[in-house]
There are 2 protein chains.
Amino acid sequence: MVQFVHPSRDDITLEGVLAALSDPMRLRIVKSMVGQHGCMSCTEATPCPDMAKSTLSNHFRILREAGLIHTEKKGVEHRNIIRQDDIETRFPGLLKTILGFCDEPRQGKD
Amino acid sequence: MVQFVHPSRDDITLEGVLAALSDPMRLRIVKSMVGQHGCMSCTEATPCPDMAKSTLSNHFRILREAGLIHTEKKGVEHRNIIRQDDIETRFPGLLKTILGFCDEPRQGKD
DNA sequence: TTCAATAGTTCGATATTTTTGAACTATTGA
DNA sequence: TCAATAGTTCAAAAATATCGAACTATTGAA
């Protein structure tokens, strides 16, 4: 039984958010999750398939503990959703500003 | 003879800026430099005196190589200035948004 | 000119963090 | 019950950060 740690809205810190987003991989994960606005599995949310599962898992943990995403287990996979409202309330405009500058991973569909 | 590396405006990357700002110490250094709008020596710009000189020097190098500050030698000390225009041109609003959320190191004077 | 003081860099060693593969857990579906 | 899937946890290896010590360059004074 895996327990996920999610900080409450007020425990989300600027430094935590910036540190979480300072990794190119995590930035792209977050970007892809904002694009979609439903839940995504870890595998779906990852724009880089050639990476160890454990590394990926660690990135999701960091995003989770920074308060950027919410994860819950749904069947065999983990559904992740970006905590857009919480972050917007805590740091208005921050996420939009940052993500506005990063490369679109894919605009349309294949 | 020490040569400083300063990326050109166009070589400043979002990831580089975020990575540079994701360290609490560097965030405070940048904050203090934006408050002042002239040059500051490394010592002046540092809100945390109890830190090894070499560590500090490394932080300034990272800020410099991310394109956040410009450093030039002036006599015995190094004058640092934040590259506010370059960053604003490259990522409009980013710096203001981020710094707007971080704690004021000191609002008035002593 | 020489000497000490100052401001910061560079180097090498240690400490911390990240990444990885392997082994594990939990769920689904045959 | 068994295999497949999705992800976690663990321990070791790789990469980064921190530190103290030694170094460089400049200033100012004797």
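On a predicted model such as this, the values are computed, not experimentally measured, just so you know. Chain letters run A, B, ... following the sequence lines, proteins first and then strands; every chain starts at 1.
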Pairs under 3.5 Å (N/O, protein and nucleotides 19-22 of chain D):
residue	atom	partner	partner atom	Å
D:dC19	OP2	B:Thr55	OG1	2.9
D:dG20	N7	B:Ser54	OG	3.1
D:dG20	O6	B:Ser54	OG	2.8

### Message
Is it the case that the ring center of A:His78 lies less than 6.0 angstrom away from the ring center of A:Phe60?
### Response
no
Check every atom of [options] against the side chain of [X] and return the nucleotide holding the closest atom.
| X | options | answer |
| --- | --- | --- |
| A:Ser57 | D:dT9, D:dA6, C:dT6 | D:dT9 |
| A:Val76 | C:dT19, C:dT27, C:dT9 | C:dT27 |
| B:Asp23 | C:dT27, C:dA7, D:dT18 | D:dT18 |

### Message
Do B:Ile29 and B:Ile69 make a side-chain contact, defined as non-hydrogen atoms from C-beta onward lying under 4.5 Å apart?
### Response
no
### Message
Would you say A:Leu94 ends up clustered with A:Val34 if hydrophobic residues are merged whenever their side chains have heavy atoms under 4.5 Å apart, either directly or through other cluster members?
### Response
yes
### Task
Determine whether A:Leu99 and B:Ile12 fall in the same hydrophobic cluster, where Ile, Leu, Val, Met, Phe, Trp and Tyr are linked whenever their side-chain heavy atoms lie under 4.5 Å apart.
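In one cluster with A:Leu99: B:Ile12, yes.
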### Task
For the pair A:Arg79 and A:Glu77, find out whether any cationic side-chain nitrogen is under 4.0 Å from an anionic carboxylate oxygen.
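Between A:Glu77 and A:Arg79 there is a salt bridge, with a charged N closer than 4.0 Å to a carboxylate O.
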#### Entry: Flag for A:Thr89-A:Asp86: side-chain donor and acceptor within less than 3.5 Å
no
### Query
Base, sugar-phosphate, or nothing: which does A:Arg26 touch, judged by heavy atoms less than 4.0 Å apart?
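Answer is nothing: A:Arg26 stays at 4.0 Å or more from every strand.
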Distances for protein N or O near nucleotides 13-17 of chain C N or O, under 3.5 Å:
none

Please report, to 0.1 Å, the donor-acceptor pairs under 3.5 Å made by any side chain of residues 16-25 of chain B, with sequence neighbours excluded.
residue	atom	partner	partner atom	Å
B:Ser22	OG	B:Ala19	O	2.8
B:Asp23	OD1	B:Met25	N	2.8
B:Asp23	OD1	B:Arg26	N	3.1

### Contiguous Watson-Crick or G-U pair runs (3 or more, under 3.5 Å) in DNA chain C
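So the stems come out as C:1-30 with D:1-30.
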### ring-ring contact (aromatic ring centres under 6.0 Å, His included) partners for A:Phe91, two or more places apart
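Partners of A:Phe91 by the ring-ring contact (aromatic ring centres under 6.0 Å, His included) criterion, ordered by chain and then number, come out as B:Phe101.
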#### Entry: 5′-ward residue of the pair A:Thr43/B:Asn58 relative to DNA chain D
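Nearest nucleotide further toward 5': that of A:Thr43.
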### Task
Using whole Å, report how far NE2 of A:His78 lies from P of C:dT27.
9 Å
Show which side-chain atoms of residues 38-57 of chain B pair as donor or acceptor with protein atoms under 3.5 Å away, not counting sequence neighbours.
residue	atom	partner	partner atom	Å
B:Ser41	OG	B:Glu44	N	3.1
B:Glu44	OE1	B:Ser41	N	2.9
B:Thr46	OG1	B:Cys42	O	2.5

